[in-house]
Amino acid sequence: MTAVSEVELSRRGLLAGSAATAIVVAAPASDAAPLPQAPAPTSLPVSFEVNGKRRELSLDPRTTLLDALREHLQLTGTKKGCDHGQCGACTVMVDGVRINSCLTLAVMHQGDKITTIEGLGTPDKLHPMQAAFIKHDGYQCGYCTPGQICSAVAVLDEIKRGVPSHVQDDLTAKPRATNVEMRERMSGNICRCGAYSNIADAMADVAGENA
Amino acid sequence: MKAFTYERAKDAGAAARAVAGRPGAKFIAGGTNLLDLMKIEVETPTHLVDVQDLGFDTIVKTADGGLRIGALVTNTNLAADARVRRDYGVLTRAIVAGASGQLRNKASTAGNLLQRTRCPYFYDTNMACNKRRPGSGCAAIGGYSRQLGVIGVSTSCIATFPGDMAVAMRVLDAVVETVDATGARRAIPIADFHRLWGDRPDLDTVLKPGELITAVTLPRPIGGKHFYEKVRDRASYAYALVSVAAVIQPDGTGRVAFGGVAPRPWRVEAADALLPQGAAAVTARAFRGATPTEDNGFKLPLATRALASVIAQAKA
Ligand SMILES: Cc1cc2nc3c(=O)[nH]c(=O)nc-3n(C[C@H](O)[C@H](O)[C@H](O)COP(=O)(O)OP(=O)(O)OC[C@H]3O[C@@H](n4cnc5c(N)ncnc54)[C@H](O)[C@@H]3O)c2cc1C
Ligand code: SF4
Ligand code: FES
Ligand code: FES
């Protein structure tokens with residue numbers, strides 16, 4: 001017991017220590033450029049549709065779409081991995097197109113239609129892509145999975161709409177849902193557990209059904 | 001992120017006036033570069049002017065048989081346009097070699113041209129960086145410079161322009177169209193758009209504060225085979241170490257520009273003329289006077305090999 005609380009203590013000590021370091025380290029950031037004083041934070045109204053439901057919010061303009069979904073609408077299915085566009089965990093669909101919700105401001109989405117993992121399917125009524133991820137073991141820890149699934153659904157739609165990709169030989173030909181195509185198009189979704197090949201299998205399954 | 005105020009501009013004039021009239025104001029399009037940098041307070045705008053309603057989201061034919069690409073056309077829509085795929089394949093290839101599907105859905109044509117360098121010290125606010133804080137020095141010189149520039153750089157800054165799309169636009173002789181707060185319009189050849197750093201690496205381009213990009217025009221198609229060869233640390237979703245944009249004609253003549261090597265897409269017209277003599281002749285001319293570091297000297301032979309690969313594919 002003592003051992004445990006010591007561990008707890010030292011862990012807290014470590015966290016406090018690193019927080020303090022972070023503050024010291026972050027200080028020079030304010031030297032960025034000799035710009036006028038930042039205005040006092042104010043809130044702006046914004047309304048958009050999330051998974052078919054109209055939502056009205058009043059937000060600090062700094063709020064990203066990701067934070068609006070998770071922190072203000074409690075839609076925590078969408079994940080924050082890097083917060084810098086580098087991992088894809090935050091992928092959602094806006095007006096039918098996949099984007100990184102961490103690199104867009106919520107106030108820029110007035111009137112938009114947003115679909116998150118919660119809107120694709122429910123535990124009782126899975127989206128075919130969700131069912132295929134389960135069938136093919138397309139995840140391990142599951143953290144990247146909501147982003148992977150939103151991206152996977154959007155990728156099949158992009159292929160159908162003829163959006164070109166880096167691995168296409170003939171740019172004027174219609175792309176097909178091959179393994180190589182899906183891997184390239186899914187490269188914006190990182191999986192730390194390395195479930196990639198099973199994700200591609202799940203997508204192939206769904207693509208086959210649609211074909 | 002520092003606090004800012006936000007407005008959604010109704011038209012181009014209002015947008016330009018809103019930024020020009022307010023120190024610290026900036027345009028925001030897709031937000032994928034600006035917000036990234038605001039989160040780490042490398043960018044600290046006090047006011048954002050959202051340009052999404054300005055209507056610059058179409059691609060139309062120009063009178064002389066080229067294309068006018070609206071500043072807000074997304075990278076995805078530009079790459080997917082049937083005319084671009086058919087007549088300007090190098091542009092589609094360059095775009096789809098960049099970033100990820102999600103990012104390309106948001107990235108705008110103007111924002112892509114204006115994306116800032118990926119020099120790691122520019123991102124680290126603890127380090128000296130003349131581009132981020134003029135006069136503070138350059139941590140990259142004598143530091144870790146594997147990704148950085150080999151030509152056109154200066155003793156103040158050795159960073160590169162990191163983008164792909166602009167390298168293809170340089171080969172195509174694109175022109176950037178702007179309007180300012182007074183309503184004055186400019187047409188800036190892409191060759192002159194990105195600055196060489198000199199002693200002002202804080203200024204990336206020749207744009208004036210509040211000058212709004214409205215479109216990028218492409219001259220009439222030039223035919224030939226189109227290539228974008230991008231060499232990077234992983235097969236996808238990574239910036240270029242070196243890239244080659246090229247249009248090669250059946251007789252072996254053509255045009256070539258290099259990415260990932262300089263403050264701007266690097267094209268030397270006198271080097272284009274050497275294409276029939278092979279890759280080594282072209283790069284010897286294009287990179288004459290290069291000043292690589294110990295870390296990034298590999299970019300010079302890599303550029304030659306990437307171009308050799310393109311020339312071989314053109315002959316196949
Ligand atoms: C993880 C990651 C990987 C990436 N990989 C690549 C890659 O491999 N290759 C590549 O080329 N790019 C890559 N990018 C960069 C991406 O392409 C850019 O972020 C994007 O193109 C910027 O466009 P935007 O519309 O989002 O710009 P914003 O972020 O909205 O704006 C960028 C700048 O342009 C200004 N601006 C915007 N519109 C206008 C206008 N109309 N007139 C005047 N000024 C304007 C803004 O004020 C801002 O300073 C990557 C980005 C990320 C996050
Ligand atoms: S190379 Fe340029 S961007 Fe990088 S640290 Fe030096 S001044 Fe800054
Ligand atoms: S959290 Fe948005 S891309 Fe990583
Ligand atoms: S399942 Fe763990 S990160 Fe992808």
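Letters A, B, ... are given to chains in the order of the sequence lines, protein chains preceding strands, and every chain is numbered from 1. It should be emphasised that the depicted structure is a prediction, and the values quoted were computed from it without experimental measurement.
- No more than 12 heavy atoms of other residues, nucleotides or ligands shown are found within 6.0 angstrom of NZ on A/Lys135.
- The heavy-atom pair separating A/Gly85 from B/Leu103 by the smallest distance is O-CD1, 3.7 Å.
- In this structure a side-chain-to-backbone donor-acceptor pair under 3.5 Å is missing from B/Gln102 to A/Thr91.
- When heavy atoms are compared at a cutoff of 4.5 Å, B/Ala82 does not approach chain A at all.
- One distance of note links CD1 of B/Ile95 with NE2 of A/His166; it measures 14.0 Å at 0.5 Å rounding.
- In terms of heavy-atom pairs under 4.5 Å with chain A, the best-connected choice from B/Asn77, B/Thr76, B/Thr32, B/Asp124 is B/Thr32.
- Among the candidates B/Met38, B/Arg22, B/His47, B/Gln52, the residue making the largest number of heavy-atom pairs closer than 4.5 Å to chain A is B/Gln52.
- Atom CZ of B/Arg104 and atom CD of A/Glu158 lie 8.0 Å apart (nearest 0.5 Å).
- A distance of 12.0 Å separates CG in B/Asn105 from OG1 in A/Thr104, rounded to the nearest 0.5 Å.
- Looking at A/Ile99, both its backbone and its side chain come within 4.5 Å of chain B, counting heavy atoms on both sides.
- Between A/Thr42 atom OG1 and B/Phe4 atom CZ the span is 9.5 Å, to the nearest 0.5 Å.
- Contacts between B/Leu34 and chain A at a heavy-atom distance below 4.5 Å are absent for every atom of the residue.
- Within a 6.0 Å radius of NZ in A/Lys113, no more than 12 heavy atoms belonging to other residues, nucleotides or ligands are found.
- Minimum heavy-atom separation, B/Arg85 to A/Gln168: NH2-NE2, 4.0 Å.
- The line from OG1 of A/Thr172 to CZ of B/Arg86 is 9.5 Å long, rounded to the nearest 0.5 Å.
- Of the possible donor and acceptor atoms, one in the side chain of B/Tyr237 sits under 3.5 Å from a partner among the backbone N and O of A/Gln86.
- With a 4.5 Å cut-off on non-hydrogen atoms, B/Asp36 touches chain A through its backbone and its side chain both.
- Closest non-hydrogen pair, B/Ala80 versus A/Val163, comes out as CB-CA, 4.4 Å.
- More than 12 non-hydrogen atoms from other residues, nucleotides or ligands lie less than 6.0 angstrom from CZ of B/Arg83.
- Ranked by heavy-atom pairs under 4.5 Å with chain B, the first of A/Glu184, A/Met186, A/Arg62, A/Gln110 is A/Arg62.
- At a 4.5 Å heavy-atom cutoff, B/Ala107 makes no contact with chain A through either its backbone or its side chain.
- Within 6.0 Å of atom CD in B/Gln313, more than 12 heavy atoms from other residues, nucleotides or ligands are found, so the atom counts as buried in its surroundings.
- With a 4.5 Å cut-off on non-hydrogen atoms, B/Arg8 touches chain A through its side chain but not through its backbone.
- The number of heavy-atom neighbours closer than 6.0 Å to CZ of A/Arg161, taken from other residues, nucleotides and ligands shown, is above 12.
- Between B/Thr5 and A/Pro39, the shortest heavy-atom contact is N-CG, 3.8 Å.
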(message) Working note: A/Leu103 + B/Lys106, criterion side chain to side chain contact (heavy atoms under 4.5 Å, CB included); need CA distance, chi angles, decisive distance, verdict.
(response) CA-CA 9 Å; A/Leu103 283 189; B/Lys106 265 275 141 197; over 6 Å; no

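- Between A/Leu171 and B/Arg93, the closest side-chain pair of non-hydrogen atoms falls below 4.5 Å.
- For the atom pair CG (B/Leu48) and CG (A/Leu105), the distance works out to 6.5 Å, reported to the nearest 0.5 Å.
- With hydrogens and angles disregarded, a donor-acceptor distance shorter than 3.5 Å links the side chain of B/Lys39 to the backbone of A/Asp83.
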